[in-house]
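Report on one structure; see the data block that follows.
Note that the numbering runs from 1 along the sequence shown for the chain. These numbers come from a predicted model, not from an experiment.
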Amino acid sequence: QIIRVIPLTARSAASITELLLVYSEFGIYIDYSTGRRTRQEELMWPATPRHTTFSDPFLSIFTDESIEIFDVHSAVWLQSLPLAKSRPLT
């Protein structure tokens, strides 16, 4: 089951080129027009997300044990914050 769909634009383009599909165990990138995978990389989180937030380019995954922060453009995990049962403000 998809938790969230995040539209992504290429840095040099103004239109949506990819979608990041956030599932309970991972995130995958697909082409906006064809629906096919665009990257071999997957974003993986250590536990089931309770909440998610997105502020370009940062995806925050809130779990029962921590907050995981990713850069969605580079598909890189940036940081884990060991904050149990945290929730986003908005």
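Atom CD of residue E18 and atom CD1 of residue I30 lie 9.5 Å apart, to the nearest 0.5 angstrom. From D71, atom CG reaches atom CG of D56 across 8.5 Å, with rounding to the nearest 0.5 Å. Here the CG-CD distance, from L59 to E68, works out to 10.5 Å after rounding to the nearest 0.5 Å. Rounding to the nearest 0.5 Å places NZ of K85 at 8.0 Å from CZ of R50. Between atom CD1 of residue I61 and atom CG of residue L43 there is a gap of 8.0 Å, rounded to the nearest 0.5 Å. We find the OG1-CG distance between T63 and L83 to be 9.5 Å, quoted to the nearest 0.5 Å.
I2 and I28 fall within a single hydrophobic cluster, where Ile, Leu, Val, Met, Phe, Trp and Tyr side chains are chained together by heavy-atom contacts under 4.5 Å. Under the 4.5 Å side-chain heavy-atom criterion for Ile, Leu, Val, Met, Phe, Trp and Tyr, I69 and V22 are members of distinct hydrophobic clusters. Side-chain heavy atoms closer than 4.5 Å link hydrophobic residues (I, L, V, M, F, W, Y) into clusters, and following such links, even through other members, never connects V72 to L19.
Counting heavy atoms from C-beta outward, T53 and F58 have side chains that stay 4.5 Å or more apart. Between F54 and L8 there is a side-chain heavy-atom pair separated by less than 4.5 Å. Side-chain contact between R4 and L20 is absent, with no heavy atoms from C-beta onward closer than 4.5 Å. Counting only heavy atoms from C-beta outward, the side chains of L81 and S66 never approach each other to under 4.5 Å. In this structure the side chain of R37 reaches within 4.5 angstrom of the side chain of E42, judged on heavy atoms.
Closest of all the heavy-atom pairs between H51 and S86 is CD2-O, 4.1 Å. Of all heavy-atom pairs spanning S74 and R39, the tightest one is C-NH1, 4.3 Å. For the residue pair P7 and I16, the shortest heavy atom distance occurs at CB-CD1, 3.6 Å.
Not counting sequence neighbours, Y32 has no partner by the ring pair (Phe, Tyr, Trp, His ring centres under 6.0 Å) test.
Here the rule is ring pair (Phe, Tyr, Trp, His ring centres under 6.0 Å) with W45, and of Y23, F26, F70, F62 only F70 fits it.
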